[in-house]
Student: 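Please find one structure pasted underneath; my questions will follow.
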Amino acid sequence: MTADELSLDLAEDGATASPRQHLLNADEETQVVAMYLAGVTAKDVAAKFGVHRLTVSRAARRAGGRVGREPLTEREVEKAATSYTSGMSIAAVAKELSLPRESIRRQLIVASVEMRAKDRTRE
């Protein structure tokens, strides 16, 4: 049975076939990697080329590029630690630095900042 026949059978049964996967050609992969390494998010590159975001990061990895966000700088960690120890929440520190909350929390732990207990009274 061909893919078209399968799609027709699925449609007749009321089921929907998933869209075909787009495979990048060599030129597209070069463009994807260049955009990603230039700082465009994997999500945005994936949307532009009609592929999954993991396709973007895998292409960048194959090309020898760094995947994921750059590590926090020493200055960012110091700023986060100062803000957190002065009473700001991790979420507020993350928002102030425009960084993910989990990245801030992880770096505070690595920097041996004493973590406060979660306030369970707020809901």
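Excluded from the calculations below are hydrogen atoms, water molecules and symmetry mates; all remaining heavy atoms, backbone and side chain alike, are included. Just so it is clear, the structure is predicted and the values come from calculations on it, not from any experiment.
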Student: Search all heavy atoms of Pro100 against all heavy atoms of Ala94 and return the closest pair with its distance.
Tutor: C-CB, 4.0 Å

Student: For Leu108 and Met115, work out which heavy atoms get closest and say how close.
Tutor: CB-SD, 4.0 Å

Student: Do Thr41 and Asp44 have a side chain donor and acceptor closer than 3.5 Å?
Tutor: yes

Student: To check you understand the geometry: which heavy-atom pair defines the closest contact between Ala42 and Val56, and what is its length?
Tutor: O-CG2, 3.9 Å

Student: If I take atom CD1 from residue Ile90 and atom CD1 from residue Ile104, how far apart are they, to the nearest 0.5 angstrom?
Tutor: 8.5 Å

Student: Which pair of heavy atoms, one from His52 and one from Leu54, lies closest together, and at what distance?
Tutor: ND1-N, 3.0 Å

Student: Would you compute the distance between atom CD of Gln31 and atom CZ of Phe49 and round it to the nearest 0.5 angstrom?
Tutor: 4.5 Å

Student: Which pairs pass side chain to side chain donor-acceptor pair (under 3.5 Å) with one or both residues in residues 101-115, sequence neighbours excluded?
Tutor: Glu102-Arg105

Student: Rounded to the nearest 0.5 Å, what separates atom CG in Leu23 from atom OG1 in Thr55?
Tutor: 8.5 Å

Student: Name every donor-acceptor pair, under 3.5 Å, that has one atom in a side chain of residues 80-87 and the other anywhere in the protein, sequence neighbours excluded.
Tutor:
| from | atom 1 | to | atom 2 | distance (Å) |
| --- | --- | --- | --- | --- |
| Thr82 | OG1 | Glu78 | O | 2.9 |
| Ser83 | OG | Lys79 | O | 3.0 |
| Ser83 | OG | Glu96 | OE1 | 3.3 |
| Tyr84 | OH | Arg116 | N | 2.8 |
| Thr85 | OG1 | Ala81 | O | 2.8 |
| Thr85 | OG1 | Thr82 | O | 3.2 |
| Ser86 | OG | Thr82 | O | 3.3 |
| Ser86 | OG | Ser83 | O | 2.8 |

Student: Within this structure, what is the CE-NZ distance for the pair Met35 and Lys48, rounded to the nearest 0.5 Å?
Tutor: 5.5 Å

